[in-house]
Amino acid sequence: MRVLLFSNTPSLAAKSLNKFVAGGSWIESLEYGLMARPDIDLGLVFRQLVREGREVHSEDFRTRYFMVPRYPYGKFARWVNRFFGRTPSTRPLKDYMRVVDEFKPDVVLFFGTESDFPLIIPQLKVPSIIWFQGNLTVYDRMYESGIPLRKTLFTERLKDILMGDSIYHNYLHFKRLVSREKKIFSFAENFIGRTAWDRRLVQVMSPQATYYHCDEPMRQPFLEKTWTPWTDRGKFVIVTTIRGNLYKGLETIFETSALVGGLKDLLEWRVIGIEEGSAYAKAARKKAGLASVETGVKLIGSLAATEMVEELLQADLYVHPSHIENSPNAVQEAMILGMPLIATNVGGTPSLLVDGKEGLLVQNKDPYAMAGAILELFEDPEKAKKLGEHARKRGLVRNDGDEICSQLIRIFEQMCRTKDQGE
């Protein structure tokens, strides 16, 4: 079977391109698993800022990598698009179809509806499927649930505003992608999902599509280590991994850190993925009423997967504060390591763990409940340990890479049979 993947990241081709991908991607794990199957010929399409597309050759992996241009190439044209939030060009679709014609896949798999890749579905003559990631349509409704956009304008650097790199300009671009995503849902044929939340969204937004369940394989570094509790070290370390989007709940972290009472002097809260001094960080501190950076919360920016593992192993607790998610990889990675965790009860997160057994779920945008949950596990380390043990058991079963690849191939085979029967 010939399978062509369309990915927002170069996956394992990043090594050949000498590119660092912050945190890596679970797609790399999936690619490893599929490459190990002798009955699968794999191709992967990704975008880069280049004038001409080309095939990227790798001595280490047998996947065929197709690098396609990301338009526009010129600096001025890209500035115009960013500053005015212009609708992305449809020019890349010809490049995508060129790869399809060259590779001649039996099945095409798109990762997410956030990119323009799935716009070629109506032109395909073979079965296609979208692996549900997030959902921009719903995220848009939650975008300002933590911090209003207007509040970020006062924390931006003038240079970023003039260059169209501000949070506001990114939102203009985001709004355009929402419209495109709705179009993709209108003609999508098949979806892979893994939560009750994404299954319900597909049922409503894409009623013509078939929904298949398949979980995600986690990255190898998280499978190689196991978290163990810390005792008598004079501090309590919390770790969080989020990105710099307004709906990720950074302000809730700051608000919660101010409510933990006697734990405050011991607290060290380390946030991966956000840099100190960024407009988002400044806006979140301002929203929380914390002007000083001396709050026990340290923003440490992006890390590679192995570095993330070490940060988690050094912590006592994982906390995920997001206002909207589908199946956050950060939560699943903490579970696989066997960490006790707390997460907001949003989107698909409740499908990942049983509240009170494999972690604690708290109300969204509620720093009081989050602070209470933190104190609960701080005061009862045995309970925290049990939550982590149960989380690891579930994570190792759910995120078993071999089983996921086998299940994915069965989905592909079912799609091909359905296509043949339809013809």
Side-chain angles (χ1 to χ4, degrees), residues 3-11 21-31 33-34 44-47 88 96 108-121 128-143 170 173-174 176-206 209-219 241-245 247-248 273 305 320 322-333 343 346-352 398-399 401 404 407-408 411:
V3 179
L4 185 61
L5 313 177
F6 281 81
S7 169
N8 285 322
T9 73
S11 190
V21 180
S25 168
W26 66 268
I27 295 173
E28 296 175 5
S29 299
L30 182 68
E31 184 186 346
L34 291 176
L44 187 140
V45 184
F46 63 95
R47 291 175 300 188
Y96 306 159
V108 176
L109 169 61
F110 303 98
F111 292 105
T113 53
E114 298 89 341
S115 73
D116 63 349
F117 293 139
L119 289 177
I120 66 172
I121 288 176
S128 65
I129 191 164
I130 299 174
W131 202 314
F132 202 113
Q133 302 299 296
N135 183 272
L136 303 180
T137 304
V138 177
Y139 286 10
D140 183 36
R141 301 176 68 87
M142 303 296 291
Y143 207 95
N170 289 337
H173 177 67
F174 182 93
R176 298 290 188 184
L177 301 188
V178 171
S179 299
R180 187 176 70 192
E181 181 184 71
K182 290 180 178 178
K183 181 179 180 181
I184 290 170
F185 269 92
S186 72
F187 54 63
E189 299 176 334
N190 302 283
F191 279 92
I192 294 174
R194 57 214 161 273
T195 68
W197 183 74
D198 65 33
R199 174 176 52 79
R200 290 163 183 157
L201 289 185
V202 169
Q203 183 178 11
V204 173
M205 297 181 65
S206 194
T210 301
Y211 178 91
Y212 299 90
H213 181 97
C214 189
D215 289 300
E216 300 165 325
M218 293 295 103
R219 294 172 287 176
T241 301
I242 54 176
R243 294 184 179 180
N245 302 107
Y247 49 80
K248 289 298 185 178
H320 202 75
S322 186
H323 303 312
I324 185 64
E325 291 282 7
N326 183 21
S327 59
N329 289 337
V331 169
Q332 297 179 79
E333 290 165 349
V346 297
T349 303
S351 293
L352 301 182
R398 174 183 57 221
N399 303 114
I404 287 170
Q407 187 174 358
L408 183 59
I411 291 172

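Please read all numbers here as calculations on a predicted model, not as lab measurements.
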So T9 and F111, side-chain contact (heavy atoms from CB on, under 4.5 Å) or not? Walk me through it. CA-CA 10 Å; T9 73; F111 292 105; over 6 Å; no

As a quick check of understanding, evaluate side-chain contact (heavy atoms from CB on, under 4.5 Å) for E333 and W26, giving each step before the final call. CA-CA 10 Å; E333 290 165 349; W26 66 268; over 6 Å; no

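Relative ring orientation between Y96 and F6 is described as perpendicular, the plane-to-plane angle rising above 60° on a 0-90° scale split at 30° and 60°. Classification of the W197-Y139 ring pair by plane angle, with boundaries at 30° and 60°, yields parallel.
Put simply, the side chain of I192 reaches to within 4.5 Å of the side chain of L408, judged on heavy atoms. With a 4.5 Å cut-off on side-chain heavy atoms, F132 and T195 do not count as touching. Under the 4.5 Å side-chain criterion, counting only non-hydrogen atoms from C-beta, N8 is in contact with F117. Looking only at side-chain heavy atoms (C-beta outward), N326 and N135 stay at 4.5 Å or farther from each other. No side-chain heavy atom of S7 sits less than 4.5 Å from a side-chain heavy atom of E31. Put simply, the side chain of Y212 does not reach to within 4.5 Å of the side chain of Q407, judged on heavy atoms.
Residues S351 and A196 approach most closely at OG-N, 3.1 Å, considering heavy atoms. Of all heavy-atom pairs spanning P118 and G112, the tightest one is CG-O, 3.7 Å. Closest non-hydrogen pair, A188 versus A209, comes out as O-CB, 3.6 Å. Pairing each heavy atom of V346 with each of S322, the nearest pair is CG2-O, 3.6 Å.
Judged by distance alone, the side chain of E216 and the main-chain N or O of L30 form no donor-acceptor pair under 3.5 Å. Between the side chain of R194 and the backbone N or O of L352 there is no donor-acceptor pair closer than 3.5 Å. Between the side chain of N245 and the backbone N or O of Y247 there is no donor-acceptor pair closer than 3.5 Å. Proximity of a side-chain donor or acceptor of S29 to a complementary backbone N or O of M218 within less than 3.5 Å is detected. Although no hydrogens or angles enter the test, the distance criterion places a donor-acceptor pair under 3.5 Å between the side chain of R180 and the main chain of E114. Without hydrogens or angle criteria, N190 side chain to S128 main chain gives a donor-acceptor distance under 3.5 Å.
Distance check: S11 OG to L44 CG gives 5.5 Å after rounding to the nearest 0.5 Å. Rounded to the nearest 0.5 angstrom, F191 CZ and F110 CZ are separated by 11.0 Å. Within the model, atoms CG of D116 and CD1 of I184 stand 7.5 Å from one another, a figure rounded to the nearest 0.5 Å. Note that CD of Q203 is 12.0 Å distant from CG of D198, once rounded to the nearest 0.5 Å. I242 CD1 to E325 CD: the interatomic distance, rounded to the nearest 0.5 Å, is 9.5 Å. Note that CD1 of I130 is 6.5 Å distant from OG1 of T113, once rounded to the nearest 0.5 Å.
Classification of D140 and K182 as a salt-bridged pair fails, no side-chain N sitting under 4.0 Å from a carboxylate O.
Side-chain polar atoms of Q332 and N399 form a donor-acceptor pair below 3.5 angstrom.
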